[in-house]
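Positions are given from 1, in the same order as the sequence printed here. In this text, all values refer to a predicted model and were calculated from it rather than measured experimentally.
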Amino acid sequence: MPNPETPKKPVTLEELEADKKAHPERGIINGILVVERGSQELRGHIPKPLYDEMIYITRAFSLGKAEAAQYGAWEAIDRMCVHESGQDFLKWKTIQYDGPYRLFRGGMPIGLYESLTSTLEEKGYAPEDMATIVISCFVSKCNKAYQKRLKQLTEKFQVSEAEILDVFADDAKKIARDKKIEKLKLGEQLTEIDREKMD
């Protein structure tokens, strides 16, 4: 039974508008909004083998690049908070990788992006390494679950792991192609980034 002393929650348009007018300070400290709305794109060139691994994992679990960016960002922040000294996330640089790179783009909530940027700066990492760090963390965090999923799919479809990986790559190309088709149908132009080869 409801407590008669508990204020009634606003439910009508008039009540909700009155509540908004009566409480303009909600979510604000010193006139500044604390929780920013929206997202920020994480963008950077990462080693192609790392990019491919990220694509395989996202496809295995029906995830997008935004989820990879978000999960990787959480993991990177968590690892840097647990370890006082900086960690060597940049395996690709330490092994002198000089192969091809791919552009990674994935959105994340503004608050998470700001926390990631601030934490990386505190630990002495360069902003241009952010995408590599985030995707490295995503790939390493998901590896055991990914290996399990890969095994499940090879058994389910009675095919080799290589065949499953080919299907993952093809699916990623299909998604990219369909986004471009949708963009063109809306009368928009493809950008230079959109025109990058789907390999």
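- Residues that satisfy the side chain to side chain donor-acceptor pair (under 3.5 Å) test with D170, not counting sequence neighbours, are absent from this structure.
- The nearest pair of heavy atoms linking A68 to M54 is CB-CG, 4.1 Å.
- Applying the side chain to side chain donor-acceptor pair (under 3.5 Å) rule to pairs touching residues 61-74 yields Y51-K65, sequence neighbours excluded.
- The two residues P49 and P100 make their nearest non-hydrogen contact at CD-O, 4.4 Å.
- Taking the side chain to side chain contact (heavy atoms under 4.5 Å, CB included) definition, one finds that V159 meets it with F157, E163, I164, sequence neighbours left out.
- Cluster membership for L165 and F61, using ILVMFWY side-chain heavy atoms within less than 4.5 angstrom, is shared.
- Counting heavy atoms of neighbouring residues, nucleotides and ligands inside a 6.0 Å radius, atom CD of E25 exceeds 12 of them.
- A donor-acceptor pair shorter than 3.5 Å can be found between the side chains of S140 and R79.
- The side chain to side chain contact (heavy atoms under 4.5 Å, CB included) test applied to D78 returns V82, not counting sequence neighbours.
- Residues passing the side chain to side chain donor-acceptor pair (under 3.5 Å) test with K148: none are found, sequence neighbours excluded.
- Residue I46 comes nearest to I135 through the heavy atom pair CD1-CG2, 3.9 Å, listed as atom of the first residue, atom of the second, then distance.
- The side chain to side chain donor-acceptor pair (under 3.5 Å) check on K183 picks up D194, with sequence neighbours excluded.
- Residues forming a side chain to side chain contact (heavy atoms under 4.5 Å, CB included) with I181 (at least two apart in sequence, or on another chain): R177, D178, K185.
- Legend: residues meeting salt bridge (Lys or Arg N to Asp or Glu O under 4.0 Å) with R59, ordered by chain and number and at least two apart, are D171.
- For E155, the side chain to side chain donor-acceptor pair (under 3.5 Å) partners two or more places apart in sequence, or in a different chain, are K151.
- With sequence neighbours excluded, the residues forming a salt bridge (Lys or Arg N to Asp or Glu O under 4.0 Å) with K8 are E15, listed by chain and number.
- Residue L186 places its CG atom among more than 12 non-hydrogen atoms of other residues, nucleotides or ligands, all under 6.0 Å distant.
- Contact between A73 and V134 at its shortest, heavy atoms only, is N-CG1, 3.6 Å.
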N/O donor-acceptor pairs under 3.5 Å from side chains in residues 109-117, not counting sequence neighbours:
residue: T117; atom: OG1; partner: Y113; partner atom: O; Å: 2.8

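- D19 pairs by the salt bridge (Lys or Arg N to Asp or Glu O under 4.0 Å) definition with R26, not counting sequence neighbours.
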